[in-house]
Amino acid sequence: MAVSDHVDLNGFMEGVKKRNPYQPEFVQAVQEVAEDIFEFMEDKEEYHSQQILRRIAEPDRVVSFRVCWEDDAGNIRVQRGWRVQNNNAIGPYKGGIRFHPSVNESVLKFLAFEQTFKNALTGLPMGGGKGGSNFNPKGKSVREIMRFCQSFMTELYRHIGADVDVPAGDIGVGAREIGFMFGQYKRITNNFTGVLTGKGLEWGGSLIRTEATGYGAVYFLAEMLATKGEDLAGKTAVISGSGNVATHAAEKIVQLGGKVLTLSDSGGFIHDPDGITQEKIDWVKSHKTHRRGRIEDYVAAFPKATFHAGKTPWGVPCDVALPCATQNELLGEDAKTLIANGCRAVSEGANMPTDLDGVHAFKAAKILYAPGKASNAGGVAVSGLEMSQNSERRSWKEEELQQMLKDIMSGIHQSCIRYGDQGGGYIDYVKGANIAGFKKVADAMLAFGVV
Ligand code: NDP
Ligand code: 2IT
């Protein structure tokens, strides 16, 4: 078949939309990748004829299951659980587990699709997967969370394994939930194995896994700024979210001499013109993570700050921005506001926080803009290092891991430049990340034939 006979981008996306009705997040994630990959594939007949992108955009497997649990009042509660195993061409499925009421098949399919490219970019042998439940951890007691995690793992355990599929944390799932799930896995299988990452340090976890996503997103930001001869010293940063990724991104910005102006949660954002120092970040970590509090309480603790209910922080003028909460939290209008206010660089800590209009606005303005699949890969990268340590049955030192994380982020930055350098000093990091991630997975798939 001649290249010109192949379905074009629009035809391809029509098919994706038809096959995935009511799955807007998944369609959006595929569209963002396909825009770059169709251009890249133009003169690459084999990728077309072997239907590589079509195959990557069709998960290997979507497992969906019922999760029953009993709340503290004795009521029987029924949730839905999933594991999306998107692609294992270059290694076992790997990706987090999300507990949030907004979780559905579309969200998990988009996350597993993105994860496939992200994991390839790390250079480590990991395929892409994602899982989760529409369980809402907010307002639940620790015992309720434990019972839910145990029930969730009672089904999930048969689909995962150290060389099969290795879940980790994501929104609503931190070390505590990983502990409950690992405990149940071990109880059912009698196997102490590296089947989950993000484990506690006493039972197979890796140093710096907790910090890795946020720190990595800032390392990537620093790499981007360095291409313009700049660094973070004295720069103002606007950050959304106040969970694992946001607080550690804030911490690293402060360590590198920047000033963090905002944090947020689903209730709104706080603006602290004095800067959110390490002491204040520690307060947020303790308040949000350990006490499941609200970010609006920040203003009672630090009265010079203001709280903006129901709003996102993108209207606050800044040099750099890091969306670190959730998908589609930064829209086209927000992107234009950031650009108009002089924002020079955006590094995504969250997965797909910017909608397609926003992505196009950042690209058109040619600012330094890193998509999450490149800039937030530090978390899964250290998860990959946790898997290696588990296999070797040893623990590496903190300095070794810090260096490996920096090297991996720097390697991803290099890959983005390799495929995204548009000349004239502009690097399209979206294109670079999409092509570099795709090429690795695609070439492995070609080697396997039609499977
Ligand atoms: P956490 O659960 O620790 O924190 C999530 C934060 O985002 C909270 O502040 C939460 O507010 C806010 N948030 C969640 N959902 C919404 C929503 N629908 N609207 C507004 N705010 C929301 O999660 P993480 O920090 O781990 O994850 C944040 C992002 O980073 C996600 O996109 C995740 O996929 C991504 N990511 C995480 C990695 C990791 O290692 N943990 C690795 C790579 C990416 P509230 O408390 O009000 O719910
Ligand atoms: O989105 C992500 O990369 C994660 N939530 C981390 C996945 C992992 O396996 O560590």
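Start at 1 and go down the list; that is how both ligands and their atoms are numbered.
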Using a strict cut-off of 4.0 Å, indicate which atoms of ligand 1 neighbour a heavy atom of Thr326.
-> 15 (N), 16 (C), 17 (C), 18 (N), 19 (N), 32 (O)
At the 4.0 Å heavy-atom cut-off, does [X] count as touching ligand 2?
X: Met126; value: no
X: Gly169; value: yes
X: Arg98; value: no

Could you tell me whether some N/O pair between Gln327 and ligand 1 is separated by less than 3.5 angstrom?
-> no
Closest protein heavy atom to atom 6 (C) of ligand 2, given as residue, atom name and distance to 0.1 Å | Arg209 NH2, 3.4 Å
For ligand 1, note which part of [X] has a heavy atom under 4.0 Å away: side chain, backbone, both or neither.
X: Thr213; answer: side chain
X: Ser264; answer: backbone
X: Arg209; answer: side chain
X: Lys138; answer: side chain
X: Cys324; answer: backbone

Which one of Asp231, Leu368, Leu256, Asp319 satisfies the side-chain contact (heavy atoms from CB on, under 4.5 Å) criterion with Leu225?
-> Leu368
More than 12 heavy atoms from other groups under 6.0 Å of CZ on Arg55 = yes
